[in-house]
Amino acid sequence: MDHIQLITEAENFAKEQLGLDTTGHDWFHTNRVRNTAALIAGMEGANVVICTIAALLHDVADEKLNPSKEAGLLKVHTWLAAHLPDEAANKQIMEIISTMSFSGGGGAPMSTLEGQVVQDADRLDALGAIGITRTMVFSGAKGRPVYDPEIPPRDESLKEEYRNYSKGTAVNHFYEKLLKLKDLMNTSYGKQLAEERHQFMLIFLEQFYKEWNQGAE
């Protein structure tokens with residue numbers, strides 16, 4: 001199978017698995033991550049094909065969209081085994097997907113440039129205007145309020161908070177995850193792209209609090 005056919009097959013698989021998602025982890029998110037990963041890969045000299053396939057499949061394995069992390073990874077591994085005979089490439093893609101999640105900001109560092117690229121691309125989609133809207137959509141889908149001044153952001157690892165959808169707020173998520181991402185970027189170009197998006201979120205929060213508190217004593 002040539003690279004173009006492989007990418008097309010991966011696109012179709014991702015669309016099939018994610019097409020009905022309403023939490024911000026849909027096909028459009030995946031496609032943006034794929035495009036950004038290819039852009040960063042070109043700037044950083046990474047393998048564009050590996051980055052593209054890993055980006056296309058990364059949320060197919062996401063534990064938020066599967067019964068467990070293991071079940072999601074098995075789904076991707078099974079697909080790769082049937083479509084990509086290159087065992088070294090399969091191993092690298094699986095390593096990228098299995099280790100790229102935020103995990104409270106304390107996860108293991110990516111061991112390859114391609115992993116760093118895909119992780120940066122995924123994190124960039126959690127920043128800026130897109131990141132703001134995805135946070136609101138995700139929080140709404142899981143029944144979390146936009147904001148409650150009586151509920152402070154959590155300081156500990158995000159993972160428990162992120163999975164426990166009955167607690168926390170959308171605005172708290174900025175402090176628990178989004179505003180941390182700029183300093184967690186791996187690549188030079190990823191850091192450059194993150195800076196503008198980070199600043200936009202700070203402007204948004206400033207305006208949000210201004211409107212929230214307008215007229216209050």
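What you see below is based on every heavy atom in this structure, not just the backbone, and it leaves out hydrogens, waters and symmetry mates.
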Problem - Over 12 foreign heavy atoms within 6.0 Å of CE, Met43 - result: no

Exercise for the section: Please identify each residue that fulfils side chain to side chain contact (heavy atoms under 4.5 Å, CB included) with Ala71, with sequence neighbours left out. Expected result: Pro67, Ser68

Exercise for the section: Could you tell me whether the side chain of Thr133 and the main chain of Ile130 form a donor-acceptor pair under 3.5 Å? Expected result: yes

Exercise for the section: Would you indicate whether the side-chain heavy atoms of Thr169 and Arg144 approach each other to under 4.5 Å? Expected result: no

Practice task
Output yes when a side-chain donor or acceptor of Glu114 lies under 3.5 Å from a complementary backbone atom of Cys51, and no otherwise.
Solution key: no

Exercise for the section: For Met136 and Ala170, work out which heavy atoms get closest and say how close. Expected result: SD-CB, 3.6 Å

Handout entry: Tyr175, OH atom: more than 12 neighbouring heavy atoms under 6.0 Å
Key = yes

Exercise for the section: Supply the atom-to-atom distance Glu87 CD to Leu80 CG, rounded to the nearest 0.5 angstrom. Expected result: 12.0 Å

Exercise for the section: Check whether Leu84 and Val60 end up in the same hydrophobic cluster, where Ile, Leu, Val, Met, Phe, Trp and Tyr are linked by side-chain heavy atoms less than 4.5 Å apart. Expected result: yes

Exercise for the section: Not counting sequence neighbours, list each pair that qualifies as a ring pair (Phe, Tyr, Trp, His ring centres under 6.0 Å) and has a residue in residues 33-73. Expected result: His29-His58

Exercise for the section: Measure up the Phe138 and His25 rings against each other and bin them: parallel (under 30°), tilted (30 to 60°), perpendicular (over 60°). Expected result: perpendicular

Fill in the blank from the handout: side-chain hydrogen bond (donor to acceptor under 3.5 Å, both in side chains) filter on Glu95, not counting sequence neighbours, yields Ser111

Problem - Verify same cluster id: Phe208, Leu127 (apolar side-chain graph, 4.5 Å) - result: yes

Fill in the blank from the handout: Value for NE2 (His83) from CD (Glu9), rounded to nearest 0.5 Å, stands at 4.5 Å

Exercise for the section: Output all residues satisfying side chain to side chain contact (heavy atoms under 4.5 Å, CB included) with Ala61, sequence neighbours left out; order by chain, then residue number. Expected result: Leu73, Val76, Ile97

Practice task
Check whether Val117 and Leu181 end up in the same hydrophobic cluster, where Ile, Leu, Val, Met, Phe, Trp and Tyr are linked by side-chain heavy atoms less than 4.5 Å apart.
Solution key: yes

Fill in the blank from the handout: The reported gap from CD1 in Ile93 to OG in Ser98 (rounded to nearest 0.5 angstrom) is 12.0 Å

Exercise for the section: Give the minimum heavy-atom separation between Gly42 and Val48, together with the two atoms involved. Expected result: N-CG2, 4.4 Å

Handout entry: CG on Leu18 to CG on Asp59, rounded to 0.5 Å
Key = 6.0 Å

Handout entry: Same apolar cluster (I L V M F W Y, side chains within < 4.5 Å links), Val33/Ile53
Key = no

Exercise for the section: Can you establish whether the number of heavy atoms outside Lys15 located under 6.0 Å from its atom NZ is more than 12? Expected result: yes

Exercise for the section: Report the distance from atom CG of Leu74 to atom OG1 of Thr78, rounding to the nearest 0.5 Å. Expected result: 4.0 Å

Practice task
Sequence neighbours left out, what passes side-chain hydrogen bond (donor to acceptor under 3.5 Å, both in side chains) with Thr187? Give chain and number order.
Solution key: Asp120

Completion exercise
Between Ile96 and Ala54 the two heavy atoms that sit nearest each other are CG2-CB, 3.9 Å

Practice task
Using side chain to side chain contact (heavy atoms under 4.5 Å, CB included) as the criterion, list what pairs up with Val137, not counting sequence neighbours.
Solution key: none

Problem - Minimum heavy-atom distance between Ile50 and Asn47, given as atom pair plus value - result: N-OD1, 2.9 Å

Exercise for the section: List for me each residue that meets side-chain hydrogen bond (donor to acceptor under 3.5 Å, both in side chains) alongside Gln207, sequence neighbours excluded, and say none if there are none. Expected result: Glu211

Handout entry: Nearest non-hydrogen partners of Leu178 and Gly131, listed with the distance
Key = CD1-O, 4.4 Å

Practice task
List the atom of Lys75, the atom of Gln17, and the distance in Å for their closest heavy-atom pair.
Solution key: NZ-OE1, 3.0 Å

Problem - N/O donor-acceptor pair under 3.5 Å between Asn35 side chain and Asn31 backbone - result: yes

Practice task
Quick one: list whatever passes salt bridge (charged side-chain N to carboxylate O under 4.0 Å, His left out) with Asp125, sequence neighbours left out.
Solution key: Arg32, Arg134

Problem - Side chain Arg123, main chain Leu184, donor-acceptor under 3.5 Å - result: yes

Could you give the side-chain donor-acceptor pairs of residues 189-203 under 3.5 Å, partners two or more places apart or in another chain?
| residue | atom | partner | partner atom | Å |
| --- | --- | --- | --- | --- |
| Glu195 | OE2 | Gln199 | NE2 | 3.0 |
| Arg197 | NH1 | Leu124 | O | 2.8 |

Exercise for the section: Using the rule that two of Ile, Leu, Val, Met, Phe, Trp, Tyr join whenever any of their side-chain heavy atoms come within less than 4.5 Å, decide whether Ile151 and Trp212 are in one cluster. Expected result: no

Exercise for the section: First locate atom CG of Asn90, then atom CH2 of Trp79, and finally report the distance between them rounded to the nearest 0.5 Å. Expected result: 9.0 Å

Handout entry: Residues which pass ring pair (Phe, Tyr, Trp, His ring centres under 6.0 Å) with Tyr209, listed by chain and number, not counting sequence neighbours
Key = Tyr147

Practice task
Taking salt bridge (charged side-chain N to carboxylate O under 4.0 Å, His left out) as the test, write out the residues that go with Glu44, two or more places apart.
Solution key: none

Exercise for the section: With sequence neighbours left out, write down each residue that passes side-chain hydrogen bond (donor to acceptor under 3.5 Å, both in side chains) with Asp148, or none if nothing qualifies. Expected result: none

